[in-house]
Participant: 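Can you keep this structure in mind? I'll have questions shortly.
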Amino acid sequence: MSVDVWREGAVGFVKLNNPPVNAIGLDTRKGLIDAVEWAEAQDGLSRIVLHGLDRAFAAGADAREFDAPPVAPHLPDVLNRIEACDVPWVAAITGVALGGGCELALTCRYRIAKPGVQIGLPEVTLGVVPGAGGTQRLPRLIGLKAALDLISTGKPVSAERAEELGLIDGRADDPVETAHHLDLGTIELSPRVGNLERPKPNETAVEQARTLVRSKSTNQIAPARAIDLVTLSTTTDLPDGMAQERAAFVELRQGEQARALRHIFFAERGARVPRSLTADPGAFDHVAVVGGGTMGAGIAYAFLNAGLRVTLLETDAEATARAQDNVERIIAASLKRGLISDGGATDRRQRLDVSFDYASASDATLAVEAAFESMDVKKSVFTALQKHLPKNAVLATNTSYLDVNEIAATLDDPSRVVGLHFFAPAHIMKLLEIVQGERTSDRALATGFALAKHLKKVPVLSGVCDGFIGNRILAHYREVADTVLLEGSTPWEIDEAMVEFGYAMGPYETQDLSGLDIAHANRRRLDATRDPNRRYIKIADRMVELGKLGKKTGAGWYRYPGGAGKVEDPIVADLAIEEAHFAKITRREYSPSEIRERLMCAMINEAVGILEEGIAASASDIDLVTVFGYGFPRWRGGLMHYADQIGAKNILATLEKLAKEDALVWSPRQAIRDCAQTGTSFAQHFSGKK
Ligand code: 3H9
């Protein structure tokens, strides 16, 4: 049973019991209706103590049900019954109370939460609005402004903040015990929240919420709808408000954005150790990080944040001082943003040792190399790690492109080597590509997955190829962007087209941030092996020759006068025109939708190649990589989820049309033909289930 009921003297208990997180599905809804009927049939009950599991009071409605039509009893009706019950219900919030879980608590007459638990209405993060009274009851309880903040951002608050807001009545280490012995003679139960007066209108707060949503949740439908509904609570009575809320919820939950956000929510949770991987992971309480540049310092800080001991290794005293500074800068920024306390900063410093003596990492059981992207440098680092670290230590490389097998071959035991590809800034970005070399042992792989879990990152397994999953897709995205630039567009038109699609920034602004020299070095690495028949576009090389390396030099694809915001640079547009002239190309205009079509199809075609070759295991792994590592809009569900919205048939038709211009770049992958012919989605075709 997902709901247990019993009584102890004059106190009734209703326990939500649907592990792991008490998602409220049909069984729970029925169980709650039965519980109301049970309570009303009892004699002399003073209260019902409603509680859940330690991990969750209730995580909200069961989102797995959202793909199918709603089935009665519906949650708003269940909650109305609880609110109207003759016996007062007291919510003992033992673990998170989110979405429908929070709405359930709102129908109780008193709310006590365990310190630290998270409470809130995160529905907009799943592309819906609260659908069981949240948009109407919460503003009645805590006022319009606070309700707008919570509901339109979807950000939960701690029990402490919830108490300040008046969302809960008190906190207790054991909320069930406290609710059990609550002296109803002295404590005043709240009136039913649904019967409270409407909140006062507050136009300024509504406008502030709308402005925030426009900038932070651009293109997303649910947050703006949520603001409309919360605002409605100031002018309408509860039944009417709830009817409108329900209609919006049902409409949104079957929409494309909600489907995409659900897909990513569940894909993220499904990203874990592959079932076939049964080896025990190695320990990693002391980690050596080699290279204290931006990437290495970020990785070291991510480890420090997760409570690990870190030895950060550099080449000499000068580089060691720079590495120390790089970590200090991250600590200072974290302090400034209030992410850590002074004590937290001291604790992190105490667990960090920066050195150029590999012997100081001699008891580290995991090493992550984040040195310069040169095979020779990597090989000498791995030789030194082999010499100084224990024989069973797992040795990882953070290389973005280089051959993990070649690096591993330098060692006596290549099975110790695994790729752990972090994304900058490594202490913030959630993606971790775990690269399996030909000889990588199951233990080394399992260590990568265990580490990802410990760091709260999203792990995706990748095979070895140039750029692994993400950077290989990115290379094609950039290649086609450069072609469009050469043939008639500008960096700002291309960027704008991708921002309209939902990226926070387009490919050129992104390159300005990472530095044009990085991609340039990579192109030089590929000179020897590049297909001579493939068109090579020199615009980016000429930019580097001109010293336009990006924001750090004050100019890249854009100019950054005084280090401030970006400004279009006519010199860059002229470079493109000149290169087109040399290549005897007649330039033409590209519409934003043509730009998007080309960039998207290039990425999809390459991603399908990656799946065909078994470099990535499933379409949803590509979705995770693109969303968590490359800024693909989450509300579009990731690259392959988006590809399924367009449909294989349409993608095939576009690729065949473009292949007439350049067959080398655009020839459709076989699996696209197969999916188009059979009507199979990419998600099914590449489900990862063997
Ligand atoms: C809503 O409530 C709408 C209402 O307003 C109106 C209705 C009419 N449904 O994250 P974890 C699963 S919308 C189904 O790894 P954690 C999850 O997939 C909902 N399943 O644990 C995983 O399954 P598996 C609003 C759910 O401790 C397992 O539980 N609520 C749901 O790191 C463990 O999850 C939200 O948006 C769900 N709602 O974090 C809250 N939630 O083991 C969404 C979780 O098979 N949930 N699962 O892979 C969360 O934020 C986190 O899961 C939570 C636990 C903080 C609760």
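What you see is a predicted model; the values in this text were computed from it and never measured. Note that ligands are numbered from 1 as they come in the structure, with each ligand's atoms numbered from 1 the same way.
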Participant: So which heavy atom in the protein is nearest atom 14 (C) of ligand 1, and how far is it from that ligand atom?
Facilitator: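 Nearest neighbour among protein heavy atoms for atom 14 (C) of ligand 1, to 0.1 Å: D62 OD1, 3.1 Å.
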Participant: Closest non-hydrogen protein atom to atom 56 (C) of ligand 1, residue and atom name please, with distance?
Facilitator: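 I find the closest protein heavy atom is A59 CB, 3.5 Å.
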Participant: Counting only non-hydrogen atoms of the protein, does one fall under 4.0 Å from atom 39 (O) of ligand 1?
Facilitator: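 Neighbour list for atom 39 (O) of ligand 1 is empty of protein heavy atoms (cut-off 4.0 Å).
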Participant: State the atoms of ligand 1, each with its element, that fall below the 4.0 Å cut-off from a heavy-atom position in P130.
Facilitator: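 Answer, ordered by atom number: 5 (O).
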Participant: Nearest protein heavy atom to atom 9 (N) of ligand 1, by residue and atom, and its distance?
Facilitator: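 Sorting protein heavy atoms by distance from atom 9 (N) of ligand 1 puts A63 N, 2.9 Å first.
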Participant: Would you say atom 53 (C) of ligand 1 has a protein heavy atom nearer than 4.0 Å?
Facilitator: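 Looking at atom 53 (C) of ligand 1, one finds that no protein heavy atom lies closer than 4.0 Å.
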Participant: Which residue and atom name correspond to the protein heavy atom nearest atom 10 (O) of ligand 1, and how close is it?
Facilitator: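 Going by distance alone, atom 10 (O) of ligand 1 is nearest to R269 NE, 2.5 Å.
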Participant: Could you name the option among A61, G60, G99 that has the heavy atom nearest to atom 37 (C) of ligand 1?
Facilitator: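 The option holding the nearest heavy atom is A61.
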Participant: Using the ring pair (Phe, Tyr, Trp, His ring centres under 6.0 Å) rule, take F265 and F66 through it: C-alpha gap first, then chi angles, then the decisive distance, then the call.
Facilitator: CA-CA 13 Å; F265 175 84; F66 289 2; over 10 Å; no
Participant: So does L232 get a backbone contact from the side chain of T235, meaning a donor-acceptor N/O pair under 3.5 Å?
Facilitator: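 Confirmed, T235 side chain pairs with L232 backbone.
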Participant: Taking all heavy atoms of R29 and all of V71, pick out the closest pair and write down the distance.
Facilitator: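 Smallest heavy-atom distance, with atoms named: NH2-O, 2.8 Å.
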Participant: How about CZ on R337, more than 12 heavy atoms from neighbouring residues, nucleotides or ligands closer than 6.0 Å, or not?
Facilitator: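 Check fails, neighbour count at 12 or below.
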Participant: Do R262 and F266 form a cation-pi contact, if we require the NZ or CZ to be under 6.0 Å from the six-membered ring centre and within 45 degrees of the ring's axis?
Facilitator: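 Output no; distance or angle outside limits.
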Participant: With under 30° as parallel and over 60° as perpendicular, where do the rings of F632 and Y503 fit, or are they tilted in between?
Facilitator: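 Rings of F632 and Y503: perpendicular, over 60°.
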Participant: For the side chain of T234 and the backbone of P199, is there at least one donor-acceptor N/O pair under 3.5 Å apart?
Facilitator: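 Such a contact is absent between T234 side chain and P199 backbone.
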Participant: Evaluate whether atom CD of E256 has more than 12 neighbouring non-hydrogen atoms of other residues, nucleotides or ligands under 6.0 angstrom away.
Facilitator: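 For E256, atom CD is not crowded (no more than 12 foreign heavy atoms under 6.0 Å).
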Participant: Can you give me the closest heavy-atom contact between L121 and P130, atom names plus distance?
Facilitator: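 In this case the closest contact between L121 and P130 is CB-CG, 4.2 Å.
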Participant: Applying a heavy-atom cut-off of 4.0 Å, say which part of T125 lies close to ligand 1: side chain, backbone, both or neither.
Facilitator: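 For T125, no heavy atom sits under 4.0 Å from ligand 1.
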Participant: I'd like to check which ligand 1 atoms, numbered from 1 as shown, lie under 4.0 Å from a non-hydrogen atom of E123.
Facilitator: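 Ligand 1 atoms under the 4.0 Å threshold to E123: 1 (C), 2 (O), 3 (C), 4 (C), 5 (O), 13 (S).
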Participant: Using the ring of each side chain (for Trp, its six-membered ring), is F682 parallel, tilted or perpendicular to F686, with breaks at 30° and 60°?
Facilitator: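 Parallel, since the angle between the ring planes stays under 30°.
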Participant: May I ask you to list the atoms of ligand 1 that are less than 4.0 angstrom from any heavy atom of E103?
Facilitator: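 Counting from 1, the qualifying ligand atoms are 4 (C), 5 (O), 6 (C).
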Participant: Heavy atom to atom 47 (N) of ligand 1, shortest distance: which of T135, V21, V128 holds it?
Facilitator: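 The residue whose heavy atom sits nearest atom 47 (N) of ligand 1 is V21.
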Participant: Can you report which non-hydrogen protein atom sits closest to atom 45 (O) of ligand 1, along with the distance?
Facilitator: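 In this structure, atom 45 (O) of ligand 1 has R64 NH2, 3.3 Å as its nearest protein heavy atom.
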Participant: Any idea which protein heavy atom is nearest atom 6 (C) of ligand 1, and the distance to it?
Facilitator: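 Minimum-distance protein heavy atom for atom 6 (C) of ligand 1 reads G131 N, 3.4 Å.
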Participant: What is the minimum heavy-atom distance between L432 and G448, and which atoms define it?
Facilitator: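 Closest pair (atom of L432, atom of G448, distance): CD2-O, 4.2 Å.
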Participant: Answer with yes or no whether A56 contacts ligand 1, where contact means a heavy atom under 4.0 Å from a ligand atom.
Facilitator: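 False for this residue.
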Participant: Under 4.0 Å from a heavy atom of P20: give me the atoms of ligand 1 that qualify, with their elements.
Facilitator: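 So the atoms of ligand 1 that pass are 28 (C), 29 (O).
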Participant: For P122, counting its heavy atoms only, list the atoms of ligand 1 lying under 4.0 Å from any of them.
Facilitator: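 With P122 as reference, the close atoms of ligand 1 come out as 30 (N), 35 (C), 36 (O).
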Participant: With distance as the sole test, does E433 use its side chain to make a donor-acceptor pair with the main-chain N or O of S462 at under 3.5 Å?
Facilitator: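 No.
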Participant: Could you identify the single nearest non-hydrogen protein atom to atom 33 (C) of ligand 1 and state the distance to 0.1 Å?
Facilitator: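 For atom 33 (C) of ligand 1, the nearest protein heavy atom is R55 NH2, 3.5 Å.
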Participant: Measure across P70 and R253 and return the closest heavy-atom pair with its distance rounded to 0.1 Å.
Facilitator: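 Here P70 and R253 meet closest at N-NH2, 3.2 Å.
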Participant: Give the atoms of ligand 1, by number and element, whose distance to some non-hydrogen atom of R272 is under 4.0 Å.
Facilitator: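 What qualifies from ligand 1 is 24 (P), 42 (O), 48 (O).
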Participant: Tell me the protein heavy atom at minimum distance from atom 50 (O) of ligand 1, and give that distance in Å.
Facilitator: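 So the nearest neighbour among protein heavy atoms is L98 CD1, 3.9 Å.
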Participant: If we only count N/O pairs under 3.5 Å, is V96 in contact with ligand 1?
Facilitator: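 Checking ligand 1 against V96, no N or O pair falls under 3.5 Å apart.
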Participant: Heavy-atom contact check, 4.0 Å cutoff: does R246 meet ligand 1?
Facilitator: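 A heavy atom of R246 does come that close to ligand 1.
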